[in-house]
There are 2 protein chains.
Amino acid sequence: MNASHDEIDDLKMKILDAAKERFQVYGYGKTTMAEIAKDVNMSAANLYRYFQNKQDIAVECSDLCMSDRSNKIREAVRQPGFSAVERLRTFVLTSLKTNLEEFEKYPKISELIELVSKEHKELVKDKVQAQCAIIAEILAYGNETGEFDVKDVIKTSSTVHASLILFDFPLFDGFFSHAEFEMMANNVVDLLISGLRRN
Amino acid sequence: MNASHDEIDDLKMKILDAAKERFQVYGYGKTTMAEIAKDVNMSAANLYRYFQNKQDIAVECSDLCMSDRSNKIREAVRQPGFSAVERLRTFVLTSLKTNLEEFEKYPKISELIELVSKEHKELVKDKVQAQCAIIAEILAYGNETGEFDVKDVIKTSSTVHASLILFDFPLFDGFFSHAEFEMMANNVVDLLISGLRRN
DNA sequence: CCAGTGAATATTCAAGATTATATTCATAAT
DNA sequence: ATTATGAATATAATCTTGAATATTCACTGG
């Protein structure tokens, strides 16, 4: 009997969940294929029917985490009562908070980040794209409400993202305290807003 | 005969120059105290009369490099004919160009950056301070010329710096091409300027 | 066939031995 | 007295090798 795509995807997801848990807690290096396999009641060999290799698991895992993050942020931003300005601020503060909290809770994640940053830059590009899309949505909304006056929403979204990168990438942890980060984030948002505003 | 401070400083500088050359070309790990010593015609042991240890040499070296960079950028920015807007743009583009070129010419420098980023965060803070000071000067000048309308120059300088960090730290090399970086830098500057402008 | 496995092999990791280098120190030269 | 050094020691990098782990493969039960 041939397994349906759904069944395969289901199993892939189970594997990814198990792997994610172990990567977060013990780090990439310290989790073995055998352990992941045991978590989902199969042999290590059989994992290779679902993934090319260990690194692939890590990559799909990271991809999934980033998507989750993006979804979370998108939801936080889409609060009905929010103005575009509030949305932009929420975007930055939620990104920042998510980054800081995740890093505090699972320091081992830096291993995955390093892996993805060195090889697999395409994933990072995808993440940037996703973030820009959210920003673009906010900008377009701001144009509608009259809060903003943005000519080229796509181009500007990537510009805004570039100026917010300090709060979107966990590369600067340790240089500033959470409070400092938050204050800086608010200040940058204020400045950006005044640049985006219809005068 | 007691050596004057000037003589000591002169020798320290010679040592730093030699060390810098080797660090740049061969990296921190692959240059030995003996080699640096030979370059300035003394024994390795004698280096310790001028520096606590090897890491100290690296730190003072980095400090020097950063100061040089800051001075270079400050000079580029202070061109007499320049408006504040032009100065801000020059600031960013010069920072970016310096970073990219240096990294291309001396890839081994990443070793020093890593060292300084991990231990010696105070150096990084100093660098940030120096950059902010230059920005503050530009902002104050913009207030004078009427181009800008910045209430708190100090606070805003650090905000502007935060939004320009992508172009000021060599952490994102490889993610974007030089051309992409430059375009993004220009776009961010445009956006910032419109936020800083007197309306 | 297809999902799955245990055993075989390739690769990576880690502990210990070895070597190179950083750092100290007793002493020499000036 | 101060600058400097060579030799001694401490520390860190490198290499080696056995063990752990990733990956492949021939095979098994459905």
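Within every chain, numbering begins at 1; the chains are lettered A, B, ... in the order of the sequence lines, protein sequences first and strands thereafter.
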Could you list the protein-to-nucleotides 7-17 of chain C atom pairs, N/O on both sides, closer than 3.5 Å?
| unit_1 | atom_1 | unit_2 | atom_2 | d |
| --- | --- | --- | --- | --- |
| C:dA14 | OP1 | A:Lys30 | NZ | 3.1 |

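- Contacts of A:Thr32 with the nucleic acid, taken as non-hydrogen atoms under 4.0 Å apart, involve only primed sugar atoms and P, OP1 or OP2.
- Here the C1' atom of nucleotide C:dT5 and the CG atom of A:Asn41 are 14 Å apart, to the nearest Å.
- At distances below 3.5 Å, at least one donor-acceptor pair connects side-chain atoms of B:Thr145 with backbone N or O atoms of B:Gly142.
- Distance B:Met42 CE to D:dG6 C1': 16 Å, rounded to the nearest Å.
- Ring orientation note: the planes of B:Phe175 and A:Phe169 are tilted relative to one another, at an angle of 30° to 60°.
- Residue B:Glu180 qualifies as enclosed at atom CD: its count of foreign heavy atoms under 6.0 Å is above 12.
- The NZ atom of A:Lys38 sits 14 Å away from the P atom of C:dT5 (whole-angstrom rounding).
- Rounded to whole Å, the distance from CG on A:Asn46 to P on C:dT5 is 5 Å.
- A side-chain donor-acceptor contact under 3.5 Å links A:Ser194 to the backbone of B:Gly195.
- Near-neighbour residues of DNA chain C inside residues 14-27 of chain A, defined by a heavy atom below 4.0 Å, are absent.
- Take B:Ala45 and apply the side chain to side chain contact (heavy atoms under 4.5 Å, CB included) test, not counting sequence neighbours, and it matches B:Ser43.
- Grouping the Ile, Leu, Val, Met, Phe, Trp and Tyr side chains by contacts below 4.5 angstrom, directly or via other members, places A:Tyr28 apart from A:Ile113.
- For residues 42-65 of chain A, every residue pair satisfying the salt bridge (charged side-chain N to carboxylate O under 4.0 Å, His left out) rule, not counting sequence neighbours, is listed here: A:Lys12-A:Glu60.
- In this structure, A:Lys20 forms no cation-pi arrangement with A:Tyr106, as its terminal cationic atom is not both closer than 6.0 Å to the ring centre and no more than 45° off the ring axis.
- The environment of B:Gln52 atom CD is sparse: at most 12 non-hydrogen atoms of other residues, nucleotides or ligands sit within 6.0 angstrom.
- Annotation: proximity of residues 48-62 of chain A to DNA chain D (heavy atom, distance under 4.0 Å) is found for A:Tyr48, A:Asn53, A:Lys54, numbered in ascending order.
- Partners of B:Lys72 according to the side chain to side chain contact (heavy atoms under 4.5 Å, CB included) rule, which considers only residues two or more places apart in sequence or in another chain, are B:Thr98.
- Rounding to the nearest 0.5 Å places CG of A:Asp173 at 9.0 Å from CD of A:Glu104.
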